[in-house]
Trainee: 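The structure follows.
Quick note on labels: first sequence line is chain A, next is B, and so on, each numbered from 1. No hydrogens, no waters, no symmetry mates; every other heavy atom, side chains included, goes into these values. This one's a predicted model, so the numbers in the text were calculated from it and none came from an experiment.
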Amino acid sequence: MEWVEITGRTVEEAMEAALDQLGVDNDDAEFEVLEEPKQGLFGRVRGQARVRARIRPTVPRPKVERRDRRRRNGGNKANQNPTDAPTSVPGPAVEAAAVNDTTDTTDTEGTPSSTGSRPRRRSGKGKPSEQGDSKVSDNDVDLEAHTAIVNEFLIGLVDAFGVDARVETELLDDETAEVRVDGTDLGVLVGPKGNTLNAIQELSRTVVHRRVPGTAAGRVRLDVAGYRQRRRDALERFTRSVADEVRASGVQKALEPMNPADRKVVHDTVNELDGVSTISEGEEPRRRVVIVPA
Amino acid sequence: MSDAVDDTEAEGASGFATAQAVLGYVVRQLVDDPDAVSIELDDRGRRPVLNVHVGPGDMGRVIGKRGRVAQSIRTVVRAAAARDGGDVEVEFLD
């Protein structure tokens with residue numbers, strides 16, 4: 001899936017958008033114009049420009065490239081081509097991404113071990129069942145332990161706040177648990193735009209990391225007073241409508257960049273639908289999901 | 001909870017009981033040496049400050065990478081301070 005297909009009002013616009021989506025410089029991309037916009041009456045543009053673009057595969061294809069970059073410090077791959085722009089370009093971009101990032105992406109590039117254990121959500125030809133199985137058994141123990149820690153942390157926190165709330169946990173699937181705080185007058189724990197909730201989630205994650213060092217954190221979700229649930233519902237509805245469009249038109253569509261949690265909602269929603277699947281592109285914090293015809 | 005309702009002279013009198021409880025709780029969850037954690041309220045300035053002292057070596061834990069943990073703590077503590085009817089800064093000291 002290394003090619004992305006983008007439409008725009010003009011070829012230039014489409015190419016621009018494609019670069020955005022690939023997250024690379026002009027020099028590192030390869031284009032194919034599939035369709036030029038047709039000139040209509042009175043010079044009006046009818047139809048759209050359609051281009052296909054991919055990261056120039058002098059070095060690796062995008063997914064392989066990501067692994068290579070990680071090994072690059074070892075210096076085994078980088079030198080095969082001295083004018084090798086692609087390996088150098090993503091580096092700074094990744095660092096910048098990490099600085100801006102507000103969610104749980106610290107493990108994206110920094111620590112090889114946790115990146116390796118992050119579940120790959122590639123639809124398509126892999127062997128999902130096999131991957132799934134090994135993933136589940138590893139994660140089960142972690143997930144339970146993590147959930148218990150978050151649960152305990154929140155009970156204490158709610159108590160310190162002196163709010164009247166109960167904390168409950170639910171295992172949503174093999175890799176996700178949710179800890180919910182419910183009660184009255186919990187706006188204080190959500191905050192404007194969910195700021196306080198996000199901060200509490202961040203602290204929960206930190207506590208998990210501290211208690212069980214070296215494990216991949218982040219699969220325990222946190223919700224207060226149904227705030228995330230409402231947002232999730234809206235995102236699911238939106239995703240379904242885009243998926244319908246993609247299925248009907250046969251043209252893939254990239255969604256705007258989202259944080260990992262929101263991307264997961266999109267992946268999960270699309271996974272349940274026939275005729276469409278998802279891929280992720282770009283680097284944090286501009287990583288985004290593309291819904292593609294299956 | 002009742003502290004927040006007691007309007008004995010707004011913030012100063014309540015001493016930010018909720019904010020202090022939340023701050024103490026969170027920080028002690030994060031550090032290696034919870035016994036070394038102490039908090040004092042400094043309300044001499046224009047804006048009250050909660051000074052948090054942590055044991056040697058625990059500073060990194062409460063600050064976190066690029067200050068992320070510290071920022072999260074501040075956000076949560078200020079939410080708690082709102083229940084006390086005021087606003088506080090949080091400073092970390094070792």
Trainee: Relative to chain A, which segment of Ala82(B) carries a heavy atom at a distance below 4.5 Å: side chain, backbone, both, or neither?
Mentor: neither

Trainee: In terms of heavy-atom pairs under 4.5 Å with chain A, which of Ala79(B), Ser72(B), Ala80(B) leads?
Mentor: Ser72(B)

Trainee: Please classify the contact of Ile73(B) with chain A as side chain, backbone, both or neither, using a heavy-atom distance under 4.5 Å.
Mentor: both

Trainee: Does CZ belonging to Arg44(B) count more than 12 external heavy atoms closer than 6.0 Å?
Mentor: no

Trainee: Side chains of Glu202(A) and Asn198(A): do they bring a donor and an acceptor to under 3.5 Å?
Mentor: no

Trainee: Could you list the residues that satisfy salt bridge (Lys or Arg N to Asp or Glu O under 4.0 Å) with Arg211(A), not counting sequence neighbours?
Mentor: Glu152(A)

Trainee: Only pairs of heavy atoms separated by less than 4.5 Å count here; which of Leu203(A), Val207(A), Thr206(A), Asp159(A) has the most with chain B?
Mentor: Leu203(A)

Trainee: Taking all atoms of both residues into account, what is the closest heavy-atom pair of Pro285(A) and Pro257(A), and its distance?
Mentor: O-CB, 3.9 Å

Trainee: For Arg28(B), is the CZ atom crowded, meaning more than 12 foreign heavy atoms sit under 6.0 Å from it?
Mentor: yes

Trainee: Given the options Leu157(A), Asn195(A), Ile200(A), Thr196(A), which has more heavy-atom pairs under 4.5 Å with chain B than any of the others?
Mentor: Leu157(A)

